[in-house]
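Labels below follow one simple rule: chain letters A, B, ... track the order of the sequence lines, proteins then strands, and each chain is numbered from 1. Not measured: the values here are computed from a predicted model.
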Amino acid sequence: MHKYRTHNCGEMRRENVGEEVRLSGWVHRVRDHGGIIFVDLRDGYGITQVVIDPEREFHENLEHWRLESVLCFTGKVVSRSPETVNPKLATGEIELEAWEMQVLNDCQVLPFSVAVEDECDENLRLQYRFLDLRRSGMHQRVLLRSKVIRSVRRILEDDLGFTEFQTPILANSSPEGARDYLVPSRLHPGKFYALPQAPQIFKQLLMVSGFDRYFQIAPCFRDEDARADRSPGEFYQIDLEMAFASQEDVFSAVEYLFTTLFPEFTEKNISKAPFQRITYHDAMLRYGTDKPDLRIPIEIQDVSELFADSDFNAFRQVVEKGGVVRAIPVKGIADRPRSFFDNLIEFTRQHGGKGLAYLIWNQEGVKSPIAKFFTENTLEELRCRGDLQAGDVMFFVADQEHRAAALAGEVRRHLGEILDLCDTQRFDFCWIVDYPMFELNHQTGEIEFSHNPFSLPQGGMEALNQDDPLQVKGFQYDLVCNGVELSSGAVRNHRPDIMFKAFSIAGYEQQEVEEKFGGLLRAFRFGAPPHGGIAPGLERIVMLLAECRNIREVTAFPLNQNAEDRLLGAPSTVSEKQLKELHLKLNLPKKGKEQKARKEAQ
RNA sequence: GGGGGCGUAGCUCAACUUGGUUAGAGCGCCGGCCUGUCACGCCGGAGGUUGCGGGUUCGAGUCCCGUCGCUCCCGCCA
């Protein structure tokens, strides 16, 4: 008989009755009746009930039935009588009648319960992550992540002809984008590697190398502050790149990927390919964001000209100063109490808005403190534009365009949430396309790249030469699902001449570009195929499928919000010798948090 | 770097609004009882510098200030 187990804790059924077996696992729960004892033994596959007859005395030198100890039982599989069958367990028709037990590993008193998944302090969970990962929820999510990766590989390789590559982790610092994680070089004093923020340049080089379709489950490292959906440190992208590909080619590959992948893991309704395409401009107007949740059945509208003619001075003046008025029509909430509307006004103030006006249509007509500022015709025009009738409401915000759009978007999203307007049984995908190539930095007044400097400008060289830079669009796109930005991508600019031109508009001298992107430029002078790609975020996909809002819930060993690993103690100080080998001297700050760090270092 | 929320037993929470006797409950832990439970049940017990420091007050878990920690958001993240 195997030293630890002949079966796992999830597999035995009625057919196994009569067999002599051995099971190992964790003590999930114990019901000690003084005489007979029941132990729920759990492993990675399930739970089996072990029964210990009072006449068996093997357990008597065991001091406690300490939960989460690892035990090994040997005995006979017996069938449960009909009234003792447990339908909640897959193995509930049988149980193991044990005649021998071995303690493989004892367990101390637990800091939190494994069997009962009560919420508990996340820091504590991270400190005892191995226990947290035993809990069913985390356990299943980590397994889900693994299965998603497996499916992605299968779909990309078998169905779409992609090839998986690996690219360096010790890469070089990228001048654009987020802060880098740096690794000092021992052999080259004063020089540093940088962990890749994404394998962007490497995958483009692979395209130039003649590999047709690249993918990688790629670790990405960015030294940026955390958010609920953004890990500090590292995260993973399903990094894709395709040679001789147009934007549409990338779209159809990704649409195939998602419409094949998602049904493997969810019963919910998934957008059919082709996914809706929304221009960046339209998205900002209709949804007030470039990552709209299309499940919310509200579309924002511009009504600036109707307010320009009104007597509603506060908003009219905003329009006269070049601002806009955006309307948010909402059905069926006219009978909400005053407090509902007051709370919304408070919400807009908290999000930087000056105010929120509204019109309420009910049986008697229009009810609102601002109704008197409008003619009958204007009120009717507003009602028609929102397709409204009695019982409906229209909200208004006014500000400079980008602020009004963002605020209206926040109000729309908030209404979707508090009115519970999202159909949770849907995954609504869309593409956001036609991002502007450049944007104005309002602080410096200078033109900057608005997204990726490697994107191909629509209209190519001609557009860069002739058009207003702020009007030039890029072959740059985002994939969005239920308000989550899943992915950014672009058709790349593979022509050095167009690259120099684009960079010069953003204020870079040719020589500077040459210095920063010398390797890529060299490649582009030796026969680069047109290419494009995208990189969906793995964790966000798993978060959508697992219905959780925090990236740490789908990551086995995440750093906490302060980018610390509280289980193993990263980051940590290093020895003088290590620093010396790397030609480093510390120059630590004197105050606050860092002072503590210095204390620890001593 | 800035703003919001939270911090009470090992864990989850109550007491806070309106300051007032000995800070309670469930789970866990310790002891006892229990032969068919499956969130087993029953009896008893231990366990607290209310994150830390200061202030107001006759009196502070509760009010005020500071600080630390966690978390969410803004900045930041092509």
A/Q247 meets the side-chain contact (heavy atoms from CB on, under 4.5 Å) criterion, sequence neighbours left out, with A/F251, A/V433, A/F475, A/Y477, A/V491
Hits for side-chain contact (heavy atoms from CB on, under 4.5 Å) against A/D106, two or more places apart or cross-chain, chain-then-number order -> A/S69
Among the candidates [options], find the nucleotide nearest to the side-chain atoms of [X].
X      : options                : value
A/K88  : B/rC70, B/rC11, B/rA39 : B/rA39
A/E564 : B/rC70, B/rU12, B/rC34 : B/rC70
A/A198 : B/rA78, B/rA39, B/rC72 : B/rA78
A/D121 : B/rU12, B/rU35, B/rC73 : B/rU12
A/R29  : B/rA78, B/rC40, B/rC70 : B/rC40
A/H451 : B/rA78, B/rC72, B/rG36 : B/rA78
A/A178 : B/rC77, B/rC38, B/rC72 : B/rC77
A/Q49  : B/rC38, B/rC70, B/rC77 : B/rC38

Taking [M] as the reference, what is the distance to [N] when you measure between their [atom1] atoms (whole Å, please)?
N      : M      : atom1 : value
B/rU67 : B/rC6  : C1'   : 16 Å
B/rC77 : B/rC13 : P     : 36 Å
B/rG19 : B/rC58 : C1'   : 12 Å
B/rC52 : B/rC68 : P     : 15 Å
B/rG7  : B/rG47 : P     : 25 Å
B/rG20 : B/rC11 : P     : 26 Å

note: A/Q561, atom CD; B/rC76, atom P; distance rounded to Å ~ 17 Å
Ion pair check, A/R80 and A/E93, cut-off under 4.0 Å = no
| said: Assess whether a salt bridge exists between A/D229 and A/R549, defined as any Lys/Arg side-chain N lying under 4.0 Å from an Asp/Glu carboxylate O. | reply: no
Contact class for [X] vs. all strands (heavy atom < 4.0 Å): base, sugar-phosphate, or nothing?
X      : result
A/E68  : nothing
A/D223 : nothing
A/Q197 : sugar-phosphate
A/Q476 : nothing
A/R66  : sugar-phosphate
A/P111 : sugar-phosphate
A/F38  : base
A/R125 : nothing
A/D180 : nothing
A/S450 : sugar-phosphate

Less than 6.0 angstrom separating the ring centers of A/F454 and A/F517, yes or no?
yes
Comparing nearest nucleotides in RNA chain B, the 5'-proximal residue of the pair A/E224, A/V109 is A/V109
Q.
Tell me whether the side-chain N or O atoms of A/N86 pair up with the base of B/rC38 as donor and acceptor below 3.5 Å, since no angle test is needed here.
A. yes
